[in-house]
Structure formats: structure tokens, C-alpha cells
Amino acid sequence: MEFSEHIKNANVEDVVLRQPLQPPVRGTLCITGHHLLFSDREDSSSQLLLLLRNIDAVEKSVENLSGYPGFLSKAGHSERTTGSSGTITIKCKDLRVLQLDIPGMEQCLNIAHSIETLSCLDNVSEMYPFFYRPADLRLQEHWGLSTPAKHYSQMKALHKKWRLSSVNVDYSVCPSYPPAVIVPTSIDDETLKKAAKFRQGGRFPVLCYYHQKNGMVIMRSSQPLVGANKKRCKEDELLLQAVIDGSDKGYVIDTRSSQQVQRARMTGGGFESKSSYDHWKRLHKQMERGKALQESLIKLVEACGDESHNMDRWLSKLENSKWLSHVQTALSTAGLLAECVERDGHSALVHGYEGTDCSLLISTLAQLIMDPSCRTLEGFLALLEREWIQAGHPFQQRCAHSAYSHARLQQESPVFLLLLDCIWQLWRQFPLALGFSEGLLLQLATEAYASDYGTFLCNSDQERCALGVKDATHCLFQNLLRPTERENYLNPLYEPNELAIWPSVHPQSLQLWRGFFLKWTQQARHLEEVQGEIRNMVIEWVRVTQGDAATIQ
């Protein structure tokens, strides 16, 4: 497809740009296949480069401007405008709201149509990461930070009881799993294939975390296909029995309520019954997902955009959005999972329905709570790669739209954004324990919805391989760890802590993530400036103290 087919007006002069926290400017608007560019020729600092993929909604209006007072010129003179004009309001996935005043009704409608079309392209190979070629980056021979095989080879303590299976090498057993997975040594590949048929989407139980302190593990899977007839699968039972071999019990953390589980049985799904899995204790922690979570985000963003300045009304809207309740539930469930492994000394299996959303959220947070190696910058990005990119979170579906879109909700759900919010709560409660900054979380929240990099493209490892993502795009995580970039995302206050960090989930302990949800307000901008100054002071203090220590030695 030629992008030019969708661009009727590539350049428009005399456009007025209005954006948060900045005065309006007049300049030239340009539309390309992937970007919206605005430049003020008289002031080079007034530039805007917006990835079209970042646009969530476009609203347009046209009006007759005969006798309209117009816009103040650089010299301060009022310029009267006649004829027709249009206004395009652009609402972005990073929650920015921009306004373009465009002379000429036809030009306005053409620009709006181009933006609407080019911001919603579904063909992955037409997206910008396939065209992004910065001068200082080269395509890597090895895409990503690691592989399941490399991760397994680094975990020597695993090798006695656990093996790396290539049963899914051609993605035929489970389309959303990577080619290699870690499973008990005593379970052969034929058993895994039969167990996969008993789990929704083929997502049979696989190891995602080994706790080196006590040898216990966290497994992930989808729901068993028990159905109304209470079907059993001997191979699935053997697999889970092998997980807790030598232990008196294990825990199943089901992210659904008892009622939801019973309803799932009526549609072919279900749960691990006590009679078939007698050494496993099932715990239910209901977590919202899908449409309910998406609508919660929409209500929260609406509350944050309330300009009535009525505190009671704002707090009521914030509470009604239930977003912080979702944060609380996620942290509470992750804490429960971590307690099962860390404090009780038992292995655990976590799942809900498909096992591609809440299961990943909970396992990631539990690992951050327990494992200090996951709290470094490198360790955290490697954790996200294992638990979200390789493990098959469907980013393409979940992040198709954000909070402003007028499109009918289908498979969108801000599960990854909820994860980042939960991690921010950890970061705020334990400011010394995490080796990365809030800036990294903000960057990831933006990149998941619209990126120059291929990391968040597609819905699975299989899709990324089939569509050439790993061959033709740059990897975001590799870029963030480059020496020139990583300094921007380090926490200068970081002190390694070998202990588990147990978050408080009391309502008074959880706060709105202002850095993301209120990013485009004056209050947040002032806060960002203050935090930047404090960060620079801390970095300078660390540099001086390290220099003094070196001198003494």
C-alpha cells in the first residue's frame, strides 16, 4: 500500500497549534505516512513530531470565520480572518490533547481523514518500527535481551529437577508460547502435548520463576477445560504432581471468583478439582480484566480531565473509576502469591481464563516483591521480556486503543498499564529498593501504545517471527540499556536489598500516578521540574561521595 493514497493535503500553511502548557503558535502542518509534523518557521523550538499511531481519537468541527478576530501575529497585531476554517482536536494515547486550527473547511476535513486513516493501520509490516532507521543504531543479530534457553542455562540450580523442552518449537502445541519452555524433568514431551489439549489455548503449566532461597517455583497456565461434565486429564495431573514432588502441597491462585469459575465450567472451562489435584489448594482472588478494566481507565482519564475545580466532584469521579481498587487488588493478589512461595515455602500455579493477562501481571509483581535481581534496570527489563513479550501478552489487541477512542471496545484492556501503575506504587513505597526510575515506567507506558521500536508489536512470539519483526525492527529494551540511554532511567538512590519488599495495600497507602495521569497539567509539570532538580542534586552528590571515597582509598 502507498501511504500517499490516504494523504490529500500533505502540507498546510497558516495552521494554529494549541497544546498543553504552551502558548498557541502558528506554523506549517505536514502529514507523512507515520507522523504529524508541525513547525513554526520563526521559532525553531516550537516543533511537534507526533507518531500517528499515538492518536486515539480525532474530533473535527468547521465554522465560518467571517469577521472572526483571528490570531495575534508575532508583532502583536490582530489579524482578521475571513472564510471558512476548521478545528481538529487530537486526543493521544499518552493522554495529550492537541488542537489544530486549519484554514479552509476542505483542507481541515482532508487532514482529519488522513489522520484517522493512517493512525489505525492494522497491517503490522506498514507500521513505523519497520521504517525506523536512526543513524546511531544498527539492527541486532540477536533481537531482545535473552531467550528461554539462555535464561535456563543461567539457572544452574534448576537443572536437577527441571528441563528445557522444545515441544513448542514450531508453535503447534501452543501458539502463544515461545519455542522453548521450562518443565519438570520427569515429564516427557508427549505428556506435555496431551496436557496442552486440556488447557485453554494450549497454555499448559510452565515454570516462570524459581525461588533460589527455598527451591519453590511459580508456574503459569490457562484454565483447565473441565467443562460441565468434569472432564479429567491424567497428563495434566501428572504434570502438576511433578511440580510439587517431595512437598506436601501447592497453591493454585485463580484470578477469578468462585462464581466466575462455576460459570466458566458451563462454557467448557473450569478449575482444578480437589478430587483430581488432591495436593493442590485453590485460592480465589477476583481480578477485573477486559472491558471492565478498559472502562475503568476511561472513567479515570475523564476524572483527571475534569476542569470544574470541585474537589468533592473530582474525588467522587476518581473513586467511581475504581482504578485504584484494581491497583489494590493486583498488589494484594501478587502479595498472596509471594507469601505462598516466600513465607509458606510452597510452589504455586497462577491462572485465570486465557492466562495471557492477569496471570502475567501477578507473576511479574510477585517476582519483583521477592527477587532483588528483578529490581535492577537490566533485571526488570529482562523480567518484562520473559513475562510479557515471550509469554504471549497480546499487545496488538490490548493496546489498540487507550482512553479516548470512540471505537467500540473489542479486545482492548490496559493490563500492562495497570502493571506499570502497580510498580510505580512499589517504587514510591520503597524508593531505595528499585534500581530504575519513574521515567522508565513513563517511557514504557507510552511505548506500549505507540513506539518506534518493534518490541510491543504483535500478540505473540510466533507472530513476531512470522511477520519479520525480529529481523526488521529495533528492540526497545536493547536501546534502553545502551550506555547513552541507561543513565536516564537509573534510580540514583538505589541500594540493593536482598529482602522481599512487601507493599502496603491499604487505601491510604495507594496514590494516583500523577506522573502519568496528570502529566499534561501545570501542577504535574512543576512537580516534574522539582523532581528533575532533586535527581540532578542526588546524582552530583553520589558522584562527589564516590570520588571522595576513591581518594581516601
Side-chain angles (χ1 to χ4, degrees), residues 94-95 297 300 304 323-335 337-338 342 360-385 387-388 414-448 476-477 480-481 485-519 523-524 527-539 541-542:
D94 64 3
L95 307 187
L297 173 65
L300 174 61
C304 293
W323 181 262
L324 286 177
S325 296
H326 298 317
V327 171
Q328 181 185 42
T329 302
L331 285 171
S332 172
T333 308
L337 175 58
E342 169 89 11
L360 309 184
L361 169 63
I362 298 312
S363 65
T364 302
L365 290 174
Q367 290 178 59
L368 278 170
I369 290 171
M370 292 187 290
D371 193 340
S373 69
C374 294
R375 302 180 207 141
T376 65
L377 175 62
E378 292 83 354
F380 175 57
L381 292 178
L383 173 63
L384 292 184
E385 184 177 66
E387 292 297 284
W388 292 80
V415 184
F416 188 68
L417 181 61
L418 178 61
L419 168 79
L420 297 177
D421 196 327
C422 291
I423 296 170
W424 178 79
Q425 306 288 342
L426 279 173
W427 180 84
R428 192 184 62 80
Q429 292 185 22
F430 300 94
L432 307 183
L434 301 180
F436 47 87
S437 67
E438 181 187 13
L440 176 68
L441 302 177
L442 292 170
Q443 187 69 23
L444 291 170
T446 300
E447 299 279 353
L476 172 65
F477 295 164
L480 293 175
L481 292 179
E485 292 290 325
R486 70 189 309 277
E487 293 299 322
N488 299 322
Y489 301 110
L490 291 173
N491 177 8
L493 294 173
Y494 173 59
E495 292 182 4
N497 178 4
E498 294 300 314
L499 302 176
I501 54 174
W502 300 98
S504 170
V505 295
H506 295 295
Q508 60 267 32
S509 299
L510 304 177
Q511 293 187 9
L512 177 69
W513 187 11
R514 291 174 295 178
F516 182 76
F517 293 108
L518 298 177
K519 181 178 181 180
Q523 177 194 20
L527 182 63
E528 183 182 340
E529 292 172 355
V530 170
Q531 289 176 336
E533 291 181 14
I534 293 174
R535 176 182 171 83
N536 291 335
M537 292 169 61
V538 171
I539 291 174
W541 176 79
V542 171

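What you see is a predicted model; the values in this text were computed from it and never measured.
In this structure, W427 and L440 have side chains that are not in contact, with every pair of non-hydrogen atoms separated by 4.5 Å or more. Two residues are said to be in side-chain contact when any heavy atoms from C-beta on lie closer than 4.5 Å; E378 and L481 meet this criterion. Considering only heavy atoms from C-beta on, D421 stays 4.5 Å or farther from F516 through its side chain. When side chains are defined from C-beta on, L420 counts as touching W513, because their heavy atoms get closer than 4.5 Å. Looking at heavy atoms from C-beta onward, L300 lies in side-chain contact with L512 at the 4.5 angstrom threshold. At a threshold of 4.5 Å between non-hydrogen side-chain atoms, the residues N497 and R375 count as touching. Counting only heavy atoms from C-beta outward, the side chains of D371 and L383 never approach each other to under 4.5 Å. Two residues are said to be in side-chain contact when any heavy atoms from C-beta on lie closer than 4.5 Å; L441 and F436 meet this criterion.
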Exercise. Which is it for L381 and Y489 under the side chain to side chain contact (heavy atoms under 4.5 Å, CB included) test, yes or no, and what are the steps along the way?
Worked result: CA-CA 11 Å; L381 292 178; Y489 301 110; over 6 Å; no
Exercise. Y494 and T376: side chain to side chain contact (heavy atoms under 4.5 Å, CB included), yes or no, with the steps?
Worked result: CA-CA 9 Å; Y494 173 59; T376 65; 3.5 Å; yes
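Here R428 contributes atom CZ and S509 contributes atom OG; the two are 7.0 Å apart, rounded to the nearest 0.5 Å. Interatomic distance, CZ of F477 versus CG of L377, reported as 10.5 Å (0.5 Å rounding). Taking CG of L418 as the start and OG1 of T329 as the end, the distance is 9.0 Å to the nearest 0.5 Å. Atoms CD and CD, from E487 and E485 in turn, are 10.5 Å apart once rounded to the nearest 0.5 Å. In this structure, the separation between CD on E495 and CZ on F430 is 14.0 Å, given to the nearest 0.5 Å. With rounding to the nearest 0.5 Å, the separation of CG in L368 from CD1 in I501 is 7.0 Å.
Contacts of D94 classified as salt bridge (charged side-chain N to carboxylate O under 4.0 Å, His left out), with partners at least two apart in sequence or in another chain: R96.
Minimum interatomic distance between L337 and A366 (heavy atoms only, all atoms of both residues): CD2-CB, 3.7 Å. The minimum heavy-atom distance linking I362 with A330 is given by the pair CD1-O, 3.6 Å. Nearest approach of T364 to E387, heavy atoms of both residues: OG1-CB, 3.4 Å. Counting all heavy atoms, side chain and backbone alike, L360 lies closest to W388 at C-CZ2, 3.7 Å. The two residues V505 and L510 have their closest heavy-atom pair at O-CD1, 4.1 Å. The two residues I423 and L365 make their nearest non-hydrogen contact at CG1-CD2, 3.9 Å.
A distance-only check finds a donor-acceptor pair linking the side chain of Q367 to the backbone of S363 [under 3.5 Å]. At least one donor-acceptor pair under 3.5 Å links the side chain of Q425 to the backbone N or O of Q511.
Looking at E447 and Q443, their side chains do bring a donor and an acceptor atom within 3.5 Å of each other.
By the 30° and 60° cut-offs, the orientation of the rings of F517 relative to W323 is perpendicular.
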